[in-house]
Amino acid sequence: MAGPPEEESLGALVAQASQHVSTLIRAEIELAKSELKFNATRVGTAAALFAAAAFMLHLCLILLSFALAYGLVQLGMMTWLAFLIVTVLYVVVAGLLALIGWRRLKGLTGMKRTARSLRTLKDGTPEEALAPPETAGQLGGHRAPVPSDVGRTRP
């Protein structure tokens with residue numbers, strides 16, 4: 001067992017400190033593992049509940065489709081025509097959703113900066129060509145600051 005701190009050698013103190021640090025690091029890793037496991041369990045449970053809710057909503061959509069079709073039948077429409085109208089309605093909605101999705105994908109620019117960087121590395125262009133574009137904070141950096149008395153009225 002170690003004696004009073006003033007009698008211990010520097011090597012013993014360093015050994016104790018490194019042991020305490022490694023114990024602390026192990027404890028932190030165990031805490032992180034347990035928190036991650038707890039959070040992963042919660043995320044998994046939530047995902048399963050969301051999936052069950054989506055499945056139930058899908059079943060409700062099917063039942064709503066039948067109700068809409070039979071409502072059209074009650075208005076005097078032939079059964080096959082009522083179901084065809086409901087089907088066409090869903091095809092139109094699906095087409096609109098696909099069109100909106102397609103337009104959102106068309107707006108993607110790809111990886112222009114990465115491609116430019118790879119091209120310059122391949123061609124042997126100097127590093128200055130790889131400088132990223134200025135950010136909003138860098139655009140006005142060369143301008144002189146506005147005096148603090150601007151906008152105040154003088155007596």
Side-chain angles (χ1 to χ4, degrees), residues 14-153:
V14 169
Q16 280 183 348
S18 66
Q19 181 183 8
H20 290 309
V21 168
S22 67
T23 303
L24 179 64
I25 289 174
R26 279 192 216 105
E28 288 296 325
I29 289 172
E30 287 301 316
L31 177 63
K33 282 182 185 178
S34 66
E35 284 180 338
L36 184 62
K37 183 178 178 183
F38 177 73
N39 287 340
T41 303
R42 288 185 69 164
V43 167
T45 303
L49 291 172
F50 281 131
F55 177 72
M56 298 297 282
L57 283 174
H58 180 70
L59 292 177
C60 290
L61 181 65
I62 292 170
L63 292 174
L64 181 66
S65 301
F66 277 100
L68 183 60
Y70 282 120
L72 291 174
V73 168
Q74 286 295 326
L75 293 175
M77 198 174 289
M78 292 185 284
T79 307
W80 67 270
L81 185 58
F83 278 89
L84 181 64
I85 289 172
V86 171
T87 302
V88 168
L89 173 74
Y90 283 129
V91 167
V92 168
V93 169
L96 287 173
L97 291 174
L99 178 67
I100 292 169
W102 179 257
R103 292 182 79 190
R104 300 238 0 182
L105 283 177
K106 272 178 83 173
L108 294 177
T109 59
M111 301 185 321
K112 290 181 180 180
R113 289 174 48 186
T114 302
R116 185 184 76 222
S117 172
L118 290 175
R119 261 194 316 275
T120 56
L121 288 174
K122 179 180 159 189
D123 297 341
T125 311
E127 285 293 319
E128 295 86 47
L130 297 177
E134 290 183 329
T135 62
Q138 295 169 336
L139 287 176
H142 63 282
R143 296 189 180 139
V146 177
S148 60
D149 63 343
V150 171
R152 294 186 201 163
T153 57

S.K.: Does the gap between the ring centers of F83 and Y70 come in under 6.0 Å?
M.R.: yes
S.K.: Closest heavy-atom contact between A82 and A69?
M.R.: CB-O, 3.3 Å
S.K.: To the nearest 0.5 angstrom, please state how far the CD1 atom of I29 sits from the CG atom of L36.
M.R.: 13.0 Å
S.K.: How long is the span from the CG atom in L31 to the CG atom in L24, to the nearest 0.5 Å?
M.R.: 10.5 Å
S.K.: Could you go step by step and tell me if L68 and L89 meet the side chain to side chain contact (heavy atoms under 4.5 Å, CB included) rule?
M.R.: CA-CA 11 Å; L68 183 60; L89 173 74; 4.1 Å; yes
S.K.: CG of L84 to CG of L72: how many Å apart, nearest 0.5 Å?
M.R.: 11.0 Å
S.K.: What's the spacing between H58 NE2 and L63 CG if we round to 0.5 Å?
M.R.: 10.0 Å
S.K.: I want to check something: taking the side chain as every heavy atom from C-beta on, are L97 and W102 in contact at a cut-off of under 4.5 Å?
M.R.: no
S.K.: Apply side chain to side chain contact (heavy atoms under 4.5 Å, CB included) to residues I85 and M77 and explain how you reach the verdict.
M.R.: CA-CA 10 Å; I85 289 172; M77 198 174 289; 3.3 Å; yes
S.K.: Let me confirm one number: the CD-NZ distance from E28 to K33, rounded to the nearest 0.5 Å.
M.R.: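 That separation rounds to 13.0 Å.
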S.K.: For the atom pair CZ (R119) and CG (D123), what is the distance rounded to the nearest 0.5 Å?
M.R.: 8.0 Å
